[in-house]
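One structure below.
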Amino acid sequence: LFNVETSTGDLNGEYTQFDLGLSILSEVELNNLMSMRLSLTNGSLTSQFDNQYAKTNLNLVNVGFSRYLKPRVFRRKIQAYPFFEIGLGITQFDAERYFIKDEGLFSETNGIAFSNTVTTGCLFTLSRKVSFDIATNFIINHSDAIDGYSNKGSDIMMQTSIGILFNLN
């Protein structure tokens, strides 16, 4: 599964971008309605607030329980299978925070944080061996240091993924 989160232009200031990540996803089907998913993601995160901006490199590991809203049954035509997923994970991060005015580095953080995830998406089966997946994932990191400044609380991220999945069975 490849996470594509790239664009040009301002989202929340000139230092904030749609960021790019790459994931590998493994899914074990429990039955035709449920599965367990393991995902490994490497990516980056940019953010900006008032007079500061941050750059973060991330590695995420997540194990999720997926529930499809209709049974997955292969047919010769393309089928859509909406799903939701809840998961637990770990986020490894290395972040730097800068002042916009002089681009001076004023804070560096790194570490590991536990995370909870909530995902909603749709799987499209193209053949017995190939599927297409699109999903939105909300990640609650139980650390407030992921954006380069350590404080009390948590950091919340949103990830949109678009991927091609290959069935190795």
Side-chain angles (χ1 to χ4, degrees), residues 1-28 30 34-69 82-101 103-123 132-165:
L1 176 68
F2 297 95
N3 291 326
V4 178
E5 304 162 25
T6 185
S7 180
T8 58
D10 295 353
L11 290 178
N12 191 25
E14 65 182 290
Y15 293 95
T16 303
Q17 309 274 325
F18 273 114
D19 301 309
L20 181 64
L22 177 65
S23 291
I24 297 174
L25 173 73
S26 177
E27 181 175 28
V28 176
L30 302 175
M34 295 180 282
S35 67
M36 296 295 293
R37 288 180 163 204
L38 170 67
S39 64
L40 308 171
T41 303
N42 175 273
S44 63
L45 172 73
T46 55
S47 61
Q48 180 176 340
F49 181 72
D50 288 339
N51 63 345
Q52 323 163 12
Y53 69 96
K55 298 177 185 177
T56 306
N57 292 314
L58 301 163
N59 291 298
L60 298 96
V61 177
N62 191 66
V63 176
F65 171 78
S66 296
R67 173 69 161 86
Y68 289 89
L69 301 182
F83 67 90
F84 66 90
E85 178 181 312
I86 55 172
L88 298 172
I90 295 173
T91 303
Q92 182 273 323
F93 59 94
D94 188 11
E96 298 175 336
R97 196 165 187 105
Y98 300 85
F99 286 116
I100 291 174
K101 187 173 184 176
E103 295 195 12
L105 176 67
F106 77 90
S107 179
E108 291 181 278
T109 58
N110 57 57
I112 295 175
F114 289 102
S115 63
N116 297 98
T117 60
V118 177
T119 303
T120 183
C122 193
L123 176 74
F132 175 76
D133 185 298
I134 185 165
T136 298
N137 187 10
F138 292 94
I139 305 165
I140 302 166
N141 292 291
H142 299 283
S143 169
D144 194 39
I146 291 175
D147 58 3
Y149 188 75
S150 187
N151 206 348
K152 293 182 181 178
S154 59
D155 278 329
I156 300 173
M157 301 185 300
M158 187 177 103
Q159 173 190 45
T160 301
S161 64
I162 300 170
I164 298 174
L165 293 86

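Since we're looking at a predicted model, the values are computed, not measured. Counting begins at 1 with the first residue of the sequence.
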Query raised in the report: Side chains of Val63 and Leu38: does their closest heavy-atom pair fall under 4.5 Å?
Result: yes

Requested in this report: Any chance you could measure Phe65, atom CZ, to Glu85, atom CD, to the nearest 0.5 Å?
Outcome: 9.5 Å

Query raised in the report: How far does NZ of Lys101 sit from CG of Asn51, to the nearest 0.5 angstrom?
Result: 10.0 Å

Report task. On the 0 to 90° scale, with breaks at 30° and 60°, tag the Tyr68-Phe83 ring pair as parallel, tilted or perpendicular. Result -> tilted

Report task. Answer yes or no: does atom CD1 of Ile86 have more than 12 heavy-atom neighbours from other residues, nucleotides or ligands under 6.0 Å? Result -> no

Query raised in the report: Does a side-chain heavy-atom distance below 4.5 Å link Phe84 with Val118?
Result: no

Query raised in the report: So do the side chains of Asn42 and Leu58 get within less than 4.5 Å of each other, counting heavy atoms only?
Result: no

Query raised in the report: Between the side chain of Ser143 and the main-chain N/O of Ala145, is any donor-acceptor distance below 3.5 Å?
Result: yes

Query - Spatial distance of atom CZ (Phe138) from atom OG1 (Thr120) [nearest 0.5 Å] - result: 9.5 Å

Query raised in the report: Between Ser107 and Gly148, is there a donor-acceptor pair closer than 3.5 Å when you use the side chain of the first and the backbone of the second?
Result: yes

Query raised in the report: Any sub-3.5 Å donor-acceptor pair from Asp155's side-chain atoms to Asp147's backbone N or O?
Result: yes

Query raised in the report: Is there side-chain contact between Ser44 and Asn57, with at least one heavy-atom pair below 4.5 Å?
Result: yes

Report task. Measure across Ser154 and Asn141 and return the closest heavy-atom pair with its distance rounded to 0.1 Å. Result -> CB-O, 2.9 Å

Query raised in the report: Judged by atom type as modelled, is there a donor-acceptor pair below 3.5 Å linking the side chain of Thr56 to the main-chain atoms of Ile146?
Result: yes

**Report entry** CA sep, side-chain torsions, deciding dist, call: Arg97, Thr109, side-chain contact (heavy atoms from CB on, under 4.5 Å)
**Finding:** CA-CA 9 Å; Arg97 196 165 187 105; Thr109 58; over 6 Å; no

Query raised in the report: How long is the gap from CG on Leu123 to CD on Glu27, to the nearest 0.5 Å?
Result: 7.0 Å

Requested in this report: Might you point out which heavy atoms bring Asn62 and Leu88 nearest each other, and give the distance in Å?
Outcome: OD1-O, 3.0 Å

Query raised in the report: Is the shortest heavy-atom distance from the side chain of Asn116 to the side chain of His142 under 4.5 Å?
Result: yes

**Report entry** Gap between atom OG1 of Thr119 and atom CD of Gln159 - 0.5 Å precision
**Finding:** 7.5 Å

**Report entry** Gln52 to Phe106 - nearest heavy-atom pair and separation
**Finding:** OE1-CZ, 3.6 Å

Requested in this report: Report, as yes or no, whether the 6.0 Å neighbourhood of atom OH on Tyr149 holds more than 12 heavy atoms from other residues, nucleotides or ligands.
Outcome: no

Requested in this report: Using a cut-off of 6.0 Å, state whether more than 12 heavy atoms not belonging to Phe114 lie near its atom CZ.
Outcome: no

Query raised in the report: Nearest 0.5 Å, what's the CG-CG distance between Asp94 and Asn110?
Result: 5.0 Å

